Asker: 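Below you will find the structure I want to go over with you.
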Amino acid sequence: MSVRVRFAPSPTGFLHIGGLRTALYNYLFARHNSGTFVLRIEDTDQARYVEGAEEDIIKSLEWAGMTIDEGPNKPADFGPYRQSERKPMYAEYAKQLVDGGHAYYAFDTTEEIEEMRERLKASGNPSPSYDSITRQSMKNSLTLPQDEVDKKLANGDEYVVRLKIPRRETVKFEDLVRGVVSFETAGLDDQVLMKSDGMPTYHLANVVDDHTMGITHVIRGEEWLSSAPKHMLLYKAFGWEPPTMAHLPLIMSPTGGKLSKRKAETEGIPVNTKDYISGNYEPEALVNFLSYLGWSPGDDSEIHSLEELCELFTLDRVSKGGAVFNHKKLMWYNEHYIRETSVADLLPRVKKLAEAAGFETKGEEYLTTVVELLHERVSKIDEFISMGSFFFETPKEYDESALKKWKDDSSGLVKAYQSKINVLSDTEFIASALKSALEATVEENEVGFGKVMMPVRIATTGQGFGPDLFASLELLGKEEVLSRIDIALDQLN
RNA sequence: GCCGCGUUCGUCUAGGGGUCUAGGACGCCGCCCUUUCACGGCGGUAGCACGGGUUCAAAUCCCGUACGCGGUACCA
């Protein structure tokens with residue numbers, strides 16, 4: 001049987017980083033096994049539905065390089081791929097469960113359930129639930145006479161369908177990440193399968209869809225482990241072979257706990273994939289970083305393309321413990337991929353960013369040199385613009401910490417250098433000549449190299465750091481350099 | 001509280017009874033390179049949660065404790 005996996009997010013918001021990793025592991029597993037990667041939208045909670053979320057999910061996966069084989073955007077034989085569009089199906093399967101004695105109708109109002117909980121709490125049960133014991137004293141098709149149940153259903157009274165959890169059973173199954181896990185049914189509640197609005201809950205829809213869509217492996221976050229026994233019970237009740245389970249470790253916040261939107265934001269970590277897109281991160285870097293958050297190929301390698309990861313990925317190498325999101329390591333990956341990318345490939349992207357920042361890019365040749373000069377020192381592509389802003393405009397201000405290196409004698413030295421390069425013709429205005437001129441200035445004034453170099457750098461770039469000074473000056477051109485020195489001399493004295 | 005899952009350097013991880021004096025990566029520190037800042041190169045720092053077993057031998061197996069995380073909804 002060929003492998004079929006699904007990524008099944010609910011469109012309740014933008015795709016966050018944890019969801020992206022779950023998608024990635026599913027994708028990697030699918031590709032490794034020449035299987036099919038399915039996208040299914042779990043939109044059964046109408047109250048939490050967010051407009052545009054589905055588009056965001058698809059766009060995010062595409063950006064990361066994951067090709068969806070089947071999904072709402074790519075219909076195939078197992079559609080529809082939105083649960084809301086599969087609604088009639090769930091009711092039928094729920095009925096099948098009821099008829100088979102595995103589920104029942106419950107007519108209790110939320111107030112009545114609340115009342116039951118309060119009553120049990122008062123008598124010492126800290127977490128009462130609607131289960132094999134309490135259902136005996138509630139209003140459902142197990143306790144009510146058949147004719148009354150029929151009447152209520154015919155009347156159109158509101159009801160839910162609940163799973164009839166067996167009283168005392170052990171549910172055991174093998175998880176590809178965790179090994180054998182087992183649960184006692186005594187601790188499980190009679191999960192609602194069909195809500196009173198006619199929509200299924202996650203549990204029913206998920207099991208029905210995974211089965212009817214031919215899903216062979218369920219790869220999802222650990223937050224689902226606790227409800228997995230209910231799902232196993234459902235497969236059994238339907239008489240279906242359950243898919244193989246694999247519960248992934250959660251991505252944790254540096255301060256502890258599951259990496260939530262709120263936590264991530266206060267810690268300066270972008271949570272939504274769209275923030276990585278708009279933040280100009282390299283998708284290859286995020287993918288590589290994420291793949292190693294809870295998995296490793298077992299050797300000392302760190303860098304792998306998506307294709308290589310597909311080749312290497314196996315579920316038995318996924319770790320069990322939660323993995324803390326380390327933004328610095330992500331940046332290391334990002335930096336790596338920037339350096340791996342050729343100047344030619346970087347060029348159009350830098351051009352676009354520069355134009356978006358309102359800069360005149362001064363021609364392809366000029367921009368190419370800018371990218372070359374900065375290539376080894378940026379860690380994110382937008383730094384070509386921020387760090388290299390002086391290539392596009394005269395510095396508006398001078399970096400404060402750099403100014404500490406502007407000493408009393410700096411003006412004089414900069415002036416001396418200016419007069420030396422002033423005599424160079426436009427064609428003589430090249431890095432080597434500019435360097436010689438500075439060396440001459442150094443010699444004549446009997447000072448250290450940095451004594452002249454740094455003030456010149458500050459005057460012309462506004463920064464105390466940056467790419468090779470002489471190559472930068474050459475690119476800027478004689479007229480511009482001289483003019484910047486004039487302005488600096490004027491402003492810094 | 002109850003149920004479940006987990007725990008190797010600060011972080012991500014390798015390791016699955018002897019080859020572990022515990023390996024790699026990020027970070028951090030130092031040195032080299034160097035006109036600055038980076039890049040790069042070299043080196044360093046730092047860890048088997050704790051307590052009992054089992055065994056000739058335990059980071060590795062078992063039990064317990066602690067701690068962490070998840071679940072405990074007509075949310076997913």
Side-chain angles (χ1 to χ4, degrees), chain A residues 8-13 19 42-45 47-48 83 106 108-110 113 124-130 158-162 175 177-179 181-184 186-189 191-203 205-206 220-229 247 249-250 252 254 256-258 289 292-303 317 319-333 335 339 374-379 383 387 402 405 435 438-439 442 448-454 456-458 461 463-470:
Chain A
S10 49
T12 54
E42 309 228 327
D43 55 349
T44 53
D45 187 353
R48 293 209 302 159
Q83 290 185 328
D108 318 271
T109 63
T110 44
I113 294 172
N125 183 343
S127 53
S129 63
Y130 204 118
E158 282 208 341
Y159 68 90
V160 299
V161 175
R162 284 181 182 272
D175 185 288
V177 173
R178 279 145 223 289
V181 286
S182 94
F183 295 80
E184 297 303 322
L188 269 28
D189 67 329
Q191 186 60 240
V192 169
L193 264 19
M194 290 293 291
K195 302 185 257 190
S196 56
D197 66 357
M199 279 298 230
T201 56
Y202 169 87
H203 309 279
N206 193 261
R220 68 216 317 186
E222 197 191 345
E223 70 266 29
W224 293 108
L225 189 56
S226 300
S227 39
H247 288 91
L250 264 19
M252 315 294 280
K258 183 160 85 161
F289 168 72
Y292 272 70
L293 220 48
W295 171 86
S296 87
D299 54 24
D300 288 342
S301 65
E302 298 280 343
I303 306 293
R317 294 207 57 85
S319 42
K320 300 173 172 67
V324 175
F325 190 99
N326 183 347
H327 192 259
K328 279 193 169 154
K329 186 140 192 184
L330 203 213
M331 289 313 290
W332 174 75
Y333 273 114
E335 208 171 291
R339 263 178 251 126
L374 257 13
H375 200 185
E376 299 286 281
R377 47 196 89 219
V378 302
S379 49
E383 289 171 5
M387 202 182 281
K405 289 177 183 164
K435 186 175 184 183
L438 196 124
E439 281 163 350
V442 162
F449 199 97
K451 272 294 220 183
V452 188
M453 192 279 282
M454 190 49 82
V456 171
R457 177 183 286 284
I458 295 168
T461 73
Q463 302 169 342
F465 57 89
D468 182 80
L469 215 214
F470 307 109

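Because the structure is a prediction, the values reported are computed rather than measured. All chains are named by letter (A, B, ...) in the order of the sequence lines, taking the proteins before the strands, and each is independently numbered beginning at 1.
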Asker: Could you tell me which residues satisfy side-chain hydrogen bond (donor to acceptor under 3.5 Å, both in side chains) with A:E222, sequence neighbours excluded, listed by chain and number?
Answerer: none
Asker: Whole Å only: how far is the NZ atom of A:K320 from the C1' atom of B:G6?
Answerer: 9 Å
Asker: Who is the Watson-Crick or G-U wobble partner of B:C3, with both distances under 3.5 Å?
Answerer: B:G70
Asker: Which nucleotide, in any strand shown, forms a Watson-Crick or G-U wobble pair with B:C31, with both distances under 3.5 Å?
Answerer: B:G41
Asker: Please evaluate residues A:E383 and A:L374 with respect to the criterion side-chain contact (heavy atoms from CB on, under 4.5 Å), reporting the C-alpha separation (whole Å), side-chain torsions for both, the decisive distance (0.1 Å), and the verdict.
Answerer: CA-CA 9 Å; A:E383 289 171 5; A:L374 257 13; over 6 Å; no
Asker: Rounded to the nearest 0.5 Å, how far does CZ of A:F183 lie from OG of A:S227?
Answerer: 8.5 Å
Asker: How many angstroms lie between atom CG of A:N326 and atom CE of A:M252, to the nearest 0.5 angstrom?
Answerer: 14.5 Å
Asker: Taking atom P of B:C39 as reference, at what distance in whole Å does atom CD of A:E376 sit?
Answerer: 10 Å
Asker: So what's B:G10 paired with, Watson-Crick or G-U wobble, going by both distances under 3.5 Å?
Answerer: B:C26
Asker: Supply the atom-to-atom distance A:K435 NZ to A:F449 CZ, rounded to the nearest 0.5 angstrom.
Answerer: 5.5 Å
Asker: Answer with base, sugar-phosphate or nothing: what part of the nucleic acid does A:G322 contact at a heavy-atom distance below 4.0 Å?
Answerer: sugar-phosphate
Asker: Would you call A:L188 and A:P229 a side-chain contact if the rule is heavy atoms closer than 4.5 Å?
Answerer: yes
Asker: Distance check, P atoms only: B:U55 and B:C62, in whole angstrom units.
Answerer: 16 Å
Asker: May I have the distance from A:H375 (atom NE2) to B:C39 (atom P), rounded to whole angstrom?
Answerer: 14 Å
Asker: Nearest whole angstrom, please: distance from the P of B:U34 to the CE of A:M454.
Answerer: 17 Å
Asker: Whole Å only: how far is the CZ atom of A:F470 from the C1' atom of B:C37?
Answerer: 15 Å
Asker: Look through every strand shown and name the nucleotide pairing with B:C20 as Watson-Crick or G-U wobble, where both distances are under 3.5 Å.
Answerer: none
Asker: Quick one: does any side-chain atom of A:Y202 pair with a main-chain N or O of A:T44 as donor and acceptor, under 3.5 Å?
Answerer: no
Asker: Any strand is fair game: report the nucleotide pairing with B:U36 by Watson-Crick or G-U wobble, both distances under 3.5 Å, or none.
Answerer: none
Asker: Walk me through it: do A:M194 and A:M199 pass the test side-chain contact (heavy atoms from CB on, under 4.5 Å)?
Answerer: CA-CA 6 Å; A:M194 290 293 291; A:M199 279 298 230; over 6 Å; no
Asker: For A:I303 and B:C12, give me the distance from atom CD1 to atom P, rounded to whole Å.
Answerer: 18 Å
Asker: Report the base-pairing partner of B:U55 (Watson-Crick or G-U wobble, both distances below 3.5 angstrom), or none.
Answerer: none
Asker: Please check: side-chain N/O of A:R457 versus main-chain N/O of A:G464, any donor-acceptor pairing under 3.5 Å?
Answerer: no
Asker: Syn versus anti for B:C20, judged by chi lying within 90° of 0?
Answerer: anti
Asker: Would you call the rings of A:W224 and A:H203 parallel, tilted or perpendicular, taking 30° and 60° as the class edges?
Answerer: perpendicular
Asker: Which part of the nucleic acid does A:R457 contact within heavy-atom distance under 4.0 Å: base, sugar-phosphate only, or nothing?
Answerer: base
Asker: Toward the 5' end of RNA chain B, which comes first, A:V378 or A:G294, by nearest nucleotide?
Answerer: A:G294
Asker: Could you give the distance separating B:U60 and B:A22 at their P atoms, to the nearest angstrom?
Answerer: 15 Å
Asker: Grab the two heavy atoms, one from A:P254 and one from A:V324, that are nearest each other, plus how far apart they are.
Answerer: CA-CG1, 3.5 Å
Asker: Measure the distance from CH2 on A:W295 to P on B:G24 and round it to the nearest whole Å.
Answerer: 20 Å
Asker: Name the pairing partner of B:C75, where a pair is Watson-Crick or G-U wobble with both distances under 3.5 Å, or state none.
Answerer: none
Asker: Considering only the P atoms, how many Å lie between B:G17 and B:C31, rounded to the nearest integer?
Answerer: 44 Å
Asker: At 4.0 Å (heavy atoms only), tell me whether A:V452 reaches a base, stays on the sugar-phosphate, or touches nothing.
Answerer: nothing
Asker: Report which part of the nucleic acid A:S379 touches: base, sugar-phosphate, or nothing (heavy-atom distance under 4.0 Å, all strands).
Answerer: nothing
Asker: Please state whether the phosphate of B:A38, meaning OP1 or OP2, lies under 4.0 angstrom from any side-chain nitrogen or oxygen of A:R339.
Answerer: no
Asker: Let me have a per-nucleotide readout for nucleotides 26-31 of chain B, 5' to 3', with B, S or -, counting only protein heavy atoms under 4.0 Å.
Answerer: BS----
Asker: To the nearest 0.5 Å, tell me how far A:T461 OG1 sits from A:M387 CE.
Answerer: 11.5 Å
Asker: Does B:A49 have a Watson-Crick or wobble mate here (both distances under 3.5 Å), and if so which one?
Answerer: B:U65
Asker: What is the separation between atom CZ on A:F289 and atom C1' on B:U13, rounded to the nearest whole Å?
Answerer: 13 Å
Asker: What is the per-nucleotide protein-contact pattern of nucleotides 68-76 of chain B, from the 5' end, where B denotes a base atom under 4.0 Å from a protein heavy atom, S denotes such proximity for sugar-phosphate atoms only, and - denotes neither?
Answerer: -SBS--BBB
Asker: For a quick test of reading the model: is some side-chain N or O of A:R317 closer than 4.0 Å to OP1 or OP2 of B:C12?
Answerer: no
Asker: Taking B:G41 as the reference, what is the distance to B:G4 when you measure between their C1' atoms (whole Å, please)?
Answerer: 49 Å
